[in-house]
Trainee: 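Structure below; questions to follow.
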Amino acid sequence: MAAVLPDSVRVLVRGWLNSNSIVLRAPGDNVLVDSGYCTHREHTLELLASRDGLDRQPLERLINTHCHSDHMGGNAAVASQYGCRITIPAGEVKHVEPWTPQSVWMAQFDQRADPFHFDDTIAAGQSFDGGGFEWQAHAAPGHDMDALMFFEPANRILISGDALWRKGMGFVWPEEGANPWIEAALETLATIEALAPSLVIPGHGQPFHEVGDAIAEARSRLRAFATDPAKNARHVVKVMFVFALLERGAMPVAEVPAYLERVPCYRSMAERFLARDPADLAGWLLEDLARSGAVRIENAVARPAAVA
Ligand SMILES: [Zn+2]
């Protein structure tokens, strides 16, 4: 079991707005996995250049686990700084070329990403060299049906993206009855179990060894969501709203109902699964997030407790 990461594998641990970035160092062939959220691009570039990252060396290639805004939002900034080649999962091409559907999709969630150009794609079954090791791409559908995860068999390290975190995973869409996202996410967990990584580098949070516990926890959450789509929808609403607060830093409580009404994903979750109007939704949401400690409310302003 890999007690520590090989020196050529560097994890820039971020928070919940920015995905982690993983620097795979090999002279003349440095690789970065995922680039964070666009509004934090300057900080991402600083971290990347630092001794914990590239240590001022060039970057040859950037590869994404999936094309959500918190993982590819910094692609354009990184490519313009380093002139690196960008590789995205083959299934994500339809989401980013042309950029118009991506803009439409992000408007649903009030998210942003700088448009970028990719140079090539990677698909499940293919591999790439990074940090002196070969990383195999495996399909990781569920949270994003076109996502990949990358497994390095010599040290048994898995870069899981949002397919598995230490506590949970990226949200999956709610659905009444059979839920293809949850089915896919459960299959992805079975793939991870079969790969038997000794260390997981998640898209968010610290790298961890407790892979069995993490899989068990993710499974139990997914099963609860499968039997109770409204619970899943409440989870999606909370995750999306905390993300919005992380981007903004704060939001006056009085503005929350109008915000939830304006951004389509909340309206759709509320109408389809929660039978609440926006004002009602705002009251419940803030109370729930404050009670769980995810949000602090002071002087009628809501702020996120987590780091961005
Ligand atoms: Zn993410």
Side-chain angles (χ1 to χ4, degrees), residues 11-23 32-41 43-44 47-48 62-78 86-89 91-92 95-96 102 105-106 108-114 116 118 122 137-150 158-173 181-182 184-185 188-189 192 200-208 214-215 217-218 221-222 225 232 235-248 265 294 304-308:
V11 186
L12 302 172
V13 176
R14 307 292 290 274
W16 297 92
L17 179 71
N18 296 283
S19 67
N20 292 337
S21 282
I22 301 103
V23 179
L32 173 69
V33 177
D34 288 342
S35 65
Y37 195 69
C38 65
T39 52
H40 288 221
R41 57 179 90 72
H43 188 219
T44 301
L47 287 173
L48 191 52
L62 164 55
I63 303 178
N64 293 118
T65 56
H66 60 299
C67 285
H68 282 175
S69 62
D70 57 324
H71 294 255
M72 59 65 170
N75 278 15
V78 171
I86 293 183
T87 303
I88 65 170
E92 299 282 4
H95 302 302
V96 299
Q102 180 64 219
W105 194 85
M106 284 191 299
Q108 299 284 313
F109 306 97
D110 184 37
Q111 293 181 9
R112 279 146 284 283
D114 296 327
F116 65 91
F118 64 91
I122 183 167
H138 292 268
H143 168 66
D144 176 332
M145 296 304 260
D146 300 300
L148 295 175
M149 54 191 174
F150 305 124
L158 178 72
I159 296 175
S160 64
D162 289 344
L164 181 67
W165 302 334
R166 178 61 189 87
K167 300 277 179 189
M169 51 173 294
F171 73 79
V172 288
W173 292 114
W181 296 279
I182 290 180
T188 296
L189 292 178
I192 296 173
V200 170
I201 302 173
H204 303 267
Q206 294 285 344
F208 60 88
I215 290 174
E217 178 147 358
R221 287 190 191 198
L222 287 168
F225 289 158
N232 193 3
H235 177 68
V236 172
V237 165
K238 287 189 269 185
V239 167
M240 299 303 306
F241 185 71
V242 169
F243 192 86
L245 280 186
L246 284 167
E247 185 185 351
R248 288 149 187 269
C265 83
V307 291

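Ligands are counted one by one from 1 in listed order, and the atoms in each one are counted from 1 as well. Just the heavy atoms: all of them, side chains too, but no hydrogens, waters or symmetry mates, feed the values below.
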Trainee: Report the atom name of the nearest N/O/S atom of Asp70 relative to the Zn ion (ligand 1).
Mentor: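 Of all N, O or S atoms in Asp70, the Zn ion (ligand 1) lies closest to OD2.
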Trainee: Check this for me, if you would: do Asp110 and Arg248 make a salt bridge, where the nitrogen-to-carboxylate-oxygen distance has to be below 4.0 angstrom?
Mentor: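 So Asp110 pairs with Arg248 through a salt bridge.
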Trainee: Out of Trp16, Phe171, Tyr37, which one pairs with Phe243 under the ring-ring contact (aromatic ring centres under 6.0 Å, His included) rule?
Mentor: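 Single pass found, and it is Tyr37.
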Trainee: Taking only Lys NZ, Arg NE, NH1 and NH2, and the carboxylate oxygens of Asp or Glu, determine whether Asp114 and Arg112 approach each other closer than 4.0 Å.
Mentor: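 Salt bridge absent between Asp114 and Arg112.
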Trainee: Answer yes or no as to whether an N/O/S atom of His71 is found below 2.8 Å from the Zn ion (ligand 1).
Mentor: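 Yes.
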Trainee: Using only N, O or S atoms, tell me which atom of Asp162 is closest to the Zn ion (ligand 1).
Mentor: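 For Asp162, the N/O/S atom sitting closest to the Zn ion (ligand 1) is OD2.
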Trainee: Answer yes or no for His143: is there an N/O/S atom below the 2.8 Å cut-off from the Zn ion (ligand 1)?
Mentor: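 No - counting backbone and side chain alike, His143 has no N, O or S atom under 2.8 Å.
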Trainee: Looking only at non-hydrogen atoms, find the nearest pair between Arg14 and Asn20 and report the distance.
Mentor: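 It is N-OD1, 2.8 Å.
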